[in-house]
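Input: a single structure, listed below in structure tokens.
Just so we're clear, the structure is a prediction, and the values are computed from it rather than from any experiment. All ligand and atom numbering here is 1-based and tracks the order in the structure. Residue numbers run from 1 in the order of the sequence given.
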Amino acid sequence: MTYQRVAFIGLGLIASSMVHAMRRAGLAASTAGTARSPETRAIVREMALLDTVCDTAAEAVAGADLVVLCVPVGAMEAVAREIGPHLAQGATVTDVGSVKGAVIDAVAPHLPEGVHFIPGHPLAGTEHSGPRAGFAELFDNRWCILTPPEDCDAQALERLVAFWRSMGANVDMMDAPHHDLVLAVTSHTPHLIAYTMVGVADDLRRVTDSEVIKYSAAGFRDFTRIAASDPTMWRDVFLTNREATLEILGRFTEELFALQRAIRQGDGALLHAYFTRTRAIRRGIIDAGQDTDAPDFGRVRH
Ligand code: NAP
């Protein structure tokens with residue numbers, strides 16, 4: 001059921017976490033991979049993260065029965081073009097990109113007949129990047145969404161589902177447009193709001209820099225963690241999930257104006273009702289095991 005040889009293209013947070021999680025699960029597959037820069041490849045060799053570190057993506061995928069594309073969304077097309085002619089017949093190609101529609105458009109045309117393309121997205125990450133940032137527990141009890149094509153090979157799909165489950169993830173399936181809308185709500189727009197809030201605080205000259213940092217635990221700090229996420233990855237997310245993000249941002253702006261008006265008019269009832277509704281959503285996330293209800297996000301005081 002498991003794979004013989006798994007090739008990773010892109011060796012950052014997600015790929016390295018997958019390798020750690022595979023090891024923890026005792027998966028016997030041999031591992032190969034490549035990264036764009038000689039520096040990252042040298043780090044991965046030094047870490048002994050993979051069985052084989054290759055200088056090119058074409059070499060890395062040779063003989064692999066699973067290929068996982070772990071590069072930023074905007075880099076997927078060039079990678080697919082390079083590996084297409086070197087893929088083994090019957091191999092499965094998947095990816096971990098944060099946007100699905102654009103990745104399918106970029107990758108699918110470059111894959112030969114007889115290769116199964118099953119796009120995926122693990123909803124797990126941190127604000128850290130690179131191969132040293134990975135850890136085996138990253139996917140534990142997190143969701144991995146697969147967006148298989150309608151005519152997907154059932155056995156290939158079953159194998160990939162089992163692979164993600166062995167790394168600790170729960171697996172769900174949906175079509176790519178729905179994935180992109182859901183993620184615009186749960187991830188992409190919240191990131192944009194965090195980027196904006198941190199940018200506003202940075203611009204605000206009335207509050208000195210030291211005060212922004214000193215009093216950051218009042219809420220700002222949690223925005224800064226999100227706004228510290230990788231700039232390349234997030235640039236690509238907004239460039240490729242444009243429609244869904246713009247739709248959610250439009251709704252966000254309307255709600256923001258409604259709250260702004262309530263504040264101006266002193267409409268405490270509206271504010272209280274709104275905040276009561278949002279508090280219940282937090283409760284739902286905790287009940288679903290997607291966070292703990294430890295105060296202050298479980299931060300430990302020293
Ligand atoms: P990362 O730690 O920054 O690693 C990215 C890897 O891609 C690096 O090995 C990098 O090579 C390589 N790369 C970057 N630009 C490239 C290009 N133009 N051509 C070829 N290779 C390139 O990123 P990550 O967090 O693992 O994210 C990888 C993918 O997972 C992205 O598609 C992202 O959307 C998705 N994802 C991320 C998260 C998250 O929270 N981080 C969560 C779920 C999904 P060098 O090291 O040599 O530069």
Side-chain angles (χ1 to χ4, degrees), residues 7-21 31-47 49-50 53-61 67-83 93-104 106-107 110 119-135 137-140 142-147 164 167-169 171-172 176 179-180 182-184 186-188 190-191 194-195 225-241 245 290:
F8 294 91
I9 310 301
L11 300 173
L13 166 73
I14 300 294
S16 60
S17 294
M18 289 178 76
V19 176
H20 290 303
T31 51
T34 191
R36 170 182 55 174
S37 66
E39 291 78 13
T40 301
R41 298 198 294 267
I43 291 169
V44 172
R45 284 193 182 102
E46 188 197 311
M47 289 170 70
L49 186 70
L50 300 171
V53 178
C54 303
D55 287 340
T56 67
E59 284 171 72
V61 303
V67 175
V68 192
L69 310 182
C70 301
V71 296
V73 171
M76 295 279 182
E77 179 161 23
V79 167
R81 191 182 298 122
E82 181 185 348
I83 64 172
V93 173
T94 189
D95 76 296
V96 297
S98 306
V99 178
K100 295 278 57 84
V103 168
I104 293 168
V107 172
H110 301 288
H121 178 202
L123 306 192
T126 74
E127 67 278 29
H128 301 298
S129 307
R132 291 197 199 281
F135 54 99
E137 298 77 22
L138 181 65
F139 309 111
D140 284 352
R142 296 285 165 255
W143 287 96
C144 178
I145 298 177
L146 301 179
T147 61
W164 274 110
M167 292 187 292
V171 178
D172 238 350
H179 166 278
D180 290 352
V182 169
L183 267 291
T186 58
S187 171
H188 305 166
H191 270 79
Y195 282 125
R225 187 188 62 74
I226 296 175
S229 299
D230 186 67
T232 305
M233 168 184 158
W234 284 96
R235 176 201 63 195
D236 287 0
V237 165
F238 293 114
L239 292 179
T240 56
N241 198 18
T245 311
Q290 296 300 305

Those residues at least two apart in sequence (or on a different chain) that pass side-chain hydrogen bond (donor to acceptor under 3.5 Å, both in side chains) with Glu59 are Thr56

Could you walk me through whether His121 and Leu183 pass side-chain contact (heavy atoms from CB on, under 4.5 Å), step by step? CA-CA 10 Å; His121 178 202; Leu183 267 291; 3.6 Å; yes

List, for ligand 1, each N/O atom that has a protein N/O partner under 3.5 Å away, with both atom names and the distance.
{"unit_1": "ligand 1", "atom_1": "2 (O)", "unit_2": "Leu13", "atom_2": "N", "d": "2.8"}
{"unit_1": "ligand 1", "atom_1": "2 (O)", "unit_2": "Gly130", "atom_2": "N", "d": "2.8"}
{"unit_1": "ligand 1", "atom_1": "9 (O)", "unit_2": "Leu11", "atom_2": "N", "d": "2.8"}
{"unit_1": "ligand 1", "atom_1": "15 (N)", "unit_2": "Arg36", "atom_2": "NH1", "d": "3.3"}
{"unit_1": "ligand 1", "atom_1": "26 (O)", "unit_2": "Leu13", "atom_2": "N", "d": "3.2"}
{"unit_1": "ligand 1", "atom_1": "26 (O)", "unit_2": "Ile14", "atom_2": "N", "d": "2.9"}
{"unit_1": "ligand 1", "atom_1": "32 (O)", "unit_2": "Val71", "atom_2": "O", "d": "2.7"}
{"unit_1": "ligand 1", "atom_1": "34 (O)", "unit_2": "Ser98", "atom_2": "N", "d": "3.3"}
{"unit_1": "ligand 1", "atom_1": "34 (O)", "unit_2": "Ser98", "atom_2": "OG", "d": "2.6"}
{"unit_1": "ligand 1", "atom_1": "46 (O)", "unit_2": "Thr40", "atom_2": "OG1", "d": "2.6"}
{"unit_1": "ligand 1", "atom_1": "47 (O)", "unit_2": "Arg36", "atom_2": "N", "d": "3.4"}
{"unit_1": "ligand 1", "atom_1": "47 (O)", "unit_2": "Ser37", "atom_2": "N", "d": "2.7"}
{"unit_1": "ligand 1", "atom_1": "47 (O)", "unit_2": "Ser37", "atom_2": "OG", "d": "2.6"}
{"unit_1": "ligand 1", "atom_1": "47 (O)", "unit_2": "Thr40", "atom_2": "OG1", "d": "3.3"}
{"unit_1": "ligand 1", "atom_1": "48 (O)", "unit_2": "Arg36", "atom_2": "NE", "d": "3.4"}
{"unit_1": "ligand 1", "atom_1": "48 (O)", "unit_2": "Arg36", "atom_2": "NH2", "d": "2.8"}

* To do: Mind running side-chain contact (heavy atoms from CB on, under 4.5 Å) on Thr34 and Ile9 for me, showing each step along the way?
  => CA-CA 5 Å; Thr34 191; Ile9 310 301; 4.1 Å; yes

- [ ] Could you please spell out the steps behind the side-chain contact (heavy atoms from CB on, under 4.5 Å) verdict for Val107 and Leu69?
- [x] CA-CA 10 Å; Val107 172; Leu69 310 182; 4.1 Å; yes

* To do: Classify the ring geometry between His191 and Trp234 as parallel (under 30°), tilted (30 to 60°) or perpendicular (over 60°).
  => parallel

Look only at the side chain of Asp230 and the backbone of Ser129, and say whether a donor-acceptor pair between them is shorter than 3.5 Å.
no

